[in-house]
Amino acid sequence: MTTSEQHIPVLMREAVDALNIREGGVYVDATLGRAGHAQQIADRIGDDGRLIAFDRDPRAIELGRKVFEHDDRVTIIHSEFSRMAEKLEQHVGLSQVDGVLMDLGVSSPQLDQAERGFSFMRDGELDMRMDTTQGESAAEWLARVEERDLMMALFDLGEEKFARRIARAIVEARSDVEINSTLQLAQIISDATPKKDKNKHPATRSFQAIRLHVNQELSQVAAALPQAVKLLSQGGRLAVISFHSLEDRIVKRFMRELSTPNLPPKNIPVSEDAYKTPLTLLSRAIKPSKQEVSDNPRSRSSVLRIAERTAEPYLSDPASGGQHA
């Protein structure tokens with residue numbers, strides 16, 4: 001494996017342990033990446049177990065198929081995880097699994113490969129797509145987006161306080177020259193930032209916002225979580241690793257809603273059934289140890305949340321404001 005392909009899975013032991021894997025069980029790795037978590041899961045499922053792994057990135061799919069080339073227990077599916085229920089039924093005829101792991105965000109190899117356009121640390125084509133076979137690249141979006149829409153994306157998705165200035169600078173720059181490289185964009189953003197943070201590159205938040213928009217990452221998470229819960233069998237586990245506050249907020253709220261009883265107003269008698277919920281939270285948020293952060297600085301912002309499926313029916317999509325049964 002080349003240096004650019006190397007990847008240190010974050011919260012490896014904690015995430016795989018969280019699934020409570022049993023031999024003969026069926027598990028989903030919704031974000032295959034460089035197969036670190038997937039290999040650990042495969043090591044625990046026994047001869048009769050199944051692992052179905054998803055990824056949007058064609059390179060991750062290619063590598064995963066090589067890793068598991070001779071393992072018929074493992075199925076690799078090129079797809080965004082927001083379609084996991086549909087794809088599981090279509091490819092392997094499954095509608096129920098014993099555990100789902102979601103490792104959100106961008107992977108180290110994606111950041112380290114300059115040609116992918118995710119990083120401003122080295123020059124490369126301004127792409128940022130996780131799935132390079134479809135969709136609009138960052139350069140294509142920046143070439144057409146309205147200034148106000150760009151400002152809102154930078155503010156909402158990047159939490160960038162200089163969003164207005166940066167959006168104006170990008171729009172002004174593109175009127176003179178095509179913006180098509182990472183260092184070119186980073187310089188425009190840096191020049192438009194009046195006050196620099198000595199601990200963070202001025203393009204950090206803007207690059208995050210553009211990447212999140214191009215890949216629709218937050219809407220993908222919001223769509224995938226309800227599917228994961230519906231797929232889980234009784235006692236099945238959902239484990240989600242997030243890397244920034246916007247992702248983690250979606251996961252936290254989702255798990256909290258489905259683990260909170262939907263009770264009527266006070267003083268109205270209710271049965272014990274009213275206290276049953278589709279999910280049970282199994283722990284507080286789990287963060288990497290000091291040693292892991294020292295060994296892998298990119299793990300420092302990661303958060304693992306774990307929930308277990310109860311026997312209760314799950315009849316609506318909380319991501320759209322519905323109530324659970």
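Counted within 6.0 Å of CZ on Arg165, heavy atoms from surrounding residues, nucleotides or ligands total 12 or fewer; the atom is thus considered open. Remark: Asp197 CG is packed, more than 12 non-hydrogen atoms of other residues, nucleotides or ligands lying under 6.0 Å away. Other residues, nucleotides and ligands contribute over 12 non-hydrogen atoms within 6.0 Å of the NZ atom of Lys196. Surrounding CG of Asp43 are more than 12 heavy atoms belonging to other residues, nucleotides or ligands, all under 6.0 Å away. Counting non-hydrogen atoms of neighbouring residues, nucleotides and ligands closer than 6.0 angstrom, the CZ atom of Arg148 reaches no more than 12 such neighbours. Few gaps surround CZ on Arg144; more than 12 heavy atoms of other groups in view lie less than 6.0 Å from it.
Identified under the ring pair (Phe, Tyr, Trp, His ring centres under 6.0 Å) test for residues 123-151, with sequence neighbours left out: Trp141-His213. Residue pairs that meet the ring pair (Phe, Tyr, Trp, His ring centres under 6.0 Å) test with at least one member in residues 151-201, sequence neighbours left out, are Phe120-His201. Residue pairs meeting the ring pair (Phe, Tyr, Trp, His ring centres under 6.0 Å) criterion with at least one partner in residues 23-68, sequence neighbours excluded, are absent.
Residues Leu51 and Thr75 form no side-chain contact, since every pair of their non-hydrogen atoms from C-beta on lies 4.5 Å or further apart. Side-chain contact between Gln220 and Leu104 is absent, with no heavy-atom pair separated by less than 4.5 Å.
Looking at Asp248 and Lys252, no side-chain N of the basic residue comes within less than 4.0 Å of a carboxylate O on the acidic one, giving no salt bridge.
Smallest separation of non-hydrogen atoms from Asp98 and Leu232: C-CD2, 4.0 Å.
One distance of note links CD of Gln216 with OG of Ser82; it measures 10.5 Å at 0.5 Å rounding. In this structure, CD on Glu247 lies 6.5 Å from CG on Leu218, to the nearest 0.5 angstrom. Residue Ile241 holds its CD1 atom at 10.5 Å from OG of Ser299, rounded to the nearest 0.5 Å. In this structure, Arg164 CZ and Leu154 CG are separated by 11.5 Å, a value rounded to the nearest 0.5 Å. To the nearest 0.5 angstrom, Met255 atom CE is 12.5 Å from Thr260 atom OG1.
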#### Entry: Test side chain to side chain contact (heavy atoms under 4.5 Å, CB included) applied to Arg34 and Leu63, step by step
CA-CA 7 Å; Arg34 292 311 183 251; Leu63 178 65; 3.2 Å; yes
#### Entry: Derivation and outcome, side chain to side chain contact (heavy atoms under 4.5 Å, CB included), residues Ile306 and Leu304
CA-CA 7 Å; Ile306 312 162; Leu304 170 64; 4.1 Å; yes
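No donor-acceptor distance shorter than 3.5 angstrom exists from the side chain of Gln208 to the backbone of Thr204, with no hydrogens or angles considered.
Thr31 meets the side-chain contact (heavy atoms from CB on, under 4.5 Å) test with Asp29, Phe81, Asp103; sequence neighbours excluded. A search for salt bridge (Lys or Arg N to Asp or Glu O under 4.0 Å) contacts involving Arg253 returns nothing, not counting sequence neighbours. With sequence neighbours excluded, the residues forming a side-chain contact (heavy atoms from CB on, under 4.5 Å) with Gln134 are Glu80, Asp131, listed by chain and number. The salt bridge (Lys or Arg N to Asp or Glu O under 4.0 Å) search around Asp57 returns Arg116, not counting sequence neighbours. Residues satisfying the salt bridge (Lys or Arg N to Asp or Glu O under 4.0 Å) criterion with Arg237, sequence neighbours excluded, are Glu308. In this view, Val214 and Arg129, Ala138, Ile210 satisfy the side-chain contact (heavy atoms from CB on, under 4.5 Å) rule, not counting sequence neighbours. Contacts of Arg56 classified as salt bridge (Lys or Arg N to Asp or Glu O under 4.0 Å), with partners at least two apart in sequence or in another chain: none.
One side chain, Gln291 or Asp295, offers a donor N or O that lies under 3.5 Å from an acceptor on the other.
Connectivity analysis of hydrophobic side chains (ILVMFWY, heavy atoms under 4.5 Å, direct or indirect) links Met152 to Met151.
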Would you list the atom pairs, donor with acceptor, under 3.5 Å between side chains in residues 166-193 and any protein atom, with sequence neighbours excluded?
residue	atom	partner	partner atom	Å
Arg174	NH1	Leu142	O	2.7
Arg174	NH1	Val145	O	2.8
Arg174	NH2	Val145	O	3.0
Ser175	OG	Glu172	O	2.5
Ser181	OG	Asp123	OD1	3.3
Ser181	OG	Gln184	N	3.2
Thr182	OG1	Arg122	O	3.0
Thr182	OG1	Gly124	N	3.0
Gln184	OE1	Asn180	N	2.9
Gln184	OE1	Ser181	N	3.3
Gln184	NE2	Glu178	O	3.0
Gln187	NE2	Asp191	OD1	2.8
Thr193	OG1	Ile189	O	2.7

